[in-house]
There are 2 protein chains.
Amino acid sequence: MNDAQAAQDITVCGDDDIAEQEALQDVLIDPQTANRLAEIFKALSDPSRLRLISLLMDHEVCVHSLETAVGMSQSAISHQLRYLRQLNLVRFRKEGRHVYYALDDDHVRELFAQGLLHVEHG
Amino acid sequence: MNDAQAAQDITVCGDDDIAEQEALQDVLIDPQTANRLAEIFKALSDPSRLRLISLLMDHEVCVHSLETAVGMSQSAISHQLRYLRQLNLVRFRKEGRHVYYALDDDHVRELFAQGLLHVEHG
DNA sequence: CTAATATATGAATATATGTTCATAGATTGA
DNA sequence: TCAATCTATGAACATATATTCATATATTAG
């Protein structure tokens with residue numbers, strides 16, 4: 001029996017059974033945790049952002065190189081980078097006219113890598 | 001040096017260096033992969049859905065129990081369950097008037113668990 | 001059969017989101 | 001200094017999304 005099937009082991013229905021409702025409350029994540037978790041996953045929920053993130057995983061890249069690599073407009077890229085910046089998921093370094101971005105969050109790095117594994121094989 | 005800092009090792013900027021641009025193309029995920037990846041993360045990008053998913057991780061739960069547990073309206077829950085159903089992330093089993101839902105995707109299970117670990121500790 | 005219960009659904013609405021367009025700011029080269 | 005380059009930003013717009021409201025469907029109880 002795999003993990004997905006194991007979920008069927010415990011069945012919860014009806015308010016009559018107090019123990020079952022308590023079991024649910026034990027696993028239910030609280031609203032604040034849900035918000036913070038959603039914030040992380042939302043950063044990974046857009047194809048354009050994911051393509052940018054894939055480039056920033058192991059490289060420090062300037063905006064123009066991102067532009068030519070992914071084929072998005074400079075403005076769209078800059079807006080997405082600001083979004084990632086505000087979540088502290090990337091760091092940036094200014095050098096002359098260029099600004100170099102790099103992924104700066106190992107949680108996102110791991111989630112991205114794990115998600116990619118799943119999408120690529122089974 | 002941690003993983004996040006390691007990303008700084010390689011710097012890419014400028015179209016003059018062909019090798020650098022090729023290095024980016026190697027790690028850039030293709031649009032189809034980005035779409036499928038975004039689809040998974042998007043399912044995990046809403047606090048209400050995350051709370052429902054937390055309940056369905058290890059239990060098979062009927063809609064009414066979900067309602068009392070998370071405090072959402074029956075309609076809102078039903079809409080979110082349809083969303084998860086259409087992505088084949090949950091399975092459901094009808095028994096009389098009740099419908100029991102359970103998480104049915106180990107990828108989502110792993111991503112949720114890993115994300116939660118990160119949110120809870122460091 | 002009828003009423004009550006459990007779940008699903010479509011329409012409407014408000015908000016969020018990603019992109020474009022135009023433009024601003026900053027740095028360098030001539 | 002002036003023009004060119006690189007990046008950031010605000011407004012506008014179109015689309016997506018989550019919820020509510022009203023209602024439909026299905027099953028069971030009486």
Side-chain angles (χ1 to χ4, degrees), chain A residues 11-17 31 34-35 37-53 55-56 60-87 90-102, chain B residues 11-16 31 34-35 37-53 55-56 60-87 89-102:
Chain A
T11 295
V12 178
C13 188
D15 315 273
D16 46 312
D17 193 328
N35 287 338
L37 202 48
E39 189 179 70
I40 292 182
F41 286 124
K42 193 172 296 182
L44 293 164
S45 71
D46 177 75
S48 298
R49 262 196 309 274
L50 285 170
R51 281 164 62 82
L52 290 176
I53 288 172
L55 294 177
L56 300 176
E60 190 191 48
V61 190
C62 75
V63 179
H64 184 67
S65 286
L66 291 173
E67 187 180 344
T68 64
V70 306
M72 293 167 63
S73 76
Q74 182 269 321
S75 180
I77 289 177
S78 194
H79 280 295
Q80 293 296 355
L81 289 174
R82 174 169 62 172
Y83 174 93
L84 297 172
R85 237 162 45 210
Q86 287 170 341
L87 292 177
V90 295
R91 69 169 177 280
F92 61 101
R93 176 174 68 85
K94 300 182 76 171
E95 189 178 318
R97 282 179 291 188
H98 299 284
V99 180
Y100 296 92
Y101 282 86
Chain B
T11 294
V12 178
C13 189
D15 316 273
D16 46 313
N35 287 337
L37 203 48
E39 189 180 69
I40 292 183
F41 286 124
K42 193 172 295 180
L44 293 164
S45 72
D46 177 75
S48 299
R49 262 198 308 274
L50 285 170
R51 280 165 62 82
L52 291 176
I53 288 173
L55 295 176
L56 300 177
E60 189 192 50
V61 190
C62 76
V63 178
H64 184 66
S65 287
L66 291 173
E67 186 180 344
T68 65
V70 305
M72 295 167 61
S73 75
Q74 182 269 318
S75 181
I77 290 176
S78 197
H79 280 294
Q80 293 295 355
L81 290 174
R82 175 169 60 173
Y83 173 93
L84 296 173
R85 239 163 44 214
Q86 288 170 341
L87 292 177
L89 302 184
V90 295
R91 66 169 179 280
F92 62 102
R93 175 174 68 85
K94 301 183 74 170
E95 187 178 317
R97 281 179 292 186
H98 299 283
V99 180
Y100 297 92
Y101 282 86

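Numbers restart at 1 for each chain; the letters A, B, ... are given by sequence-line order, proteins then strands.
- Look at CG on B/Leu44: it is 14 Å from P on D/dT17, rounded to the nearest Å.
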Can you check nucleotides 12-15 of chain C for protein contacts, nitrogen or oxygen pairs under 3.5 Å, and list what you find?
none

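- One can place CG of B/Leu50 at 11 Å from P of D/dA18, the figure rounded to the nearest angstrom.
- Qualifying side chain to side chain contact (heavy atoms under 4.5 Å, CB included) partners for B/Arg85, counting only residues two or more places apart in sequence or in other chains: B/Arg82, B/Val90, B/Phe92, B/Tyr101.
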Report, one line per pair, each donor and acceptor closer than 3.5 Å where one atom sits in a side chain of residues 71-78 of chain A; sequence neighbours left out.
residue: A/Ser73; atom: OG; partner: A/Ala76; partner atom: N; Å: 3.0

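- At D/dT9, one or more side-chain N or O atoms of A/Arg85 fall inside 4.0 Å of OP1 or OP2 (strictly under the cut-off).
- Spacing between atom CG of A/Leu66 and atom C1' of D/dT7 amounts to 12 Å, rounded to whole angstrom units.
- To the nearest 0.5 angstrom, B/Ser45 atom OG is 12.5 Å from B/Ile40 atom CD1.
- Counting to the nearest Å, the C1' atom of D/dT17 and the CD atom of B/Glu39 are 15 Å from each other.
- A/Phe41 places its CZ atom 22 Å from the P atom of C/dA16, with the value rounded to the nearest Å.
- Note that the CZ atom of A/Arg51 and the CG atom of A/Asp46 stand 11.0 Å from one another [nearest 0.5 Å].
- Every side-chain hydrogen bond (donor to acceptor under 3.5 Å, both in side chains) that A/Glu95 has, sequence neighbours left out, goes to A/Arg93.
- Among the atoms of the strands shown, only primed sugar atoms or phosphate atoms (P, OP1, OP2) are found under 4.0 Å from some heavy atom of B/Tyr101.
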Once base and sugar-phosphate atoms are separated, protein heavy atoms under 4.0 Å mark nucleotides 18-28 of chain C, 5' to 3', with B, S and - as SBBBB----BS

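- Between B/His98 atom NE2 and C/dA4 atom C1' the separation is 13 Å, expressed in whole Å.
- Atom-to-atom distance recorded for B/Cys62:SG and B/Arg97:CZ is 11.5 Å, nearest 0.5 angstrom.
- Regarding A/Glu67, its CD atom lies at a distance of 9 Å from the P atom of D/dC6, rounded to whole Å.
- Among all heavy-atom pairs drawn from A/Ala43 and A/Leu87, the shortest one is CB-CD1, 4.0 Å.
- Atom pair B/Arg51:CZ and D/dA18:C1' shows a separation of 15 Å (rounding to whole Å applied).
- Atom-to-atom distance recorded for A/Ile53:CD1 and B/Leu37:CG is 9.0 Å, nearest 0.5 angstrom.
- Contacts of A/Gln80 classified as side-chain hydrogen bond (donor to acceptor under 3.5 Å, both in side chains), with partners at least two apart in sequence or in another chain: A/Arg49.
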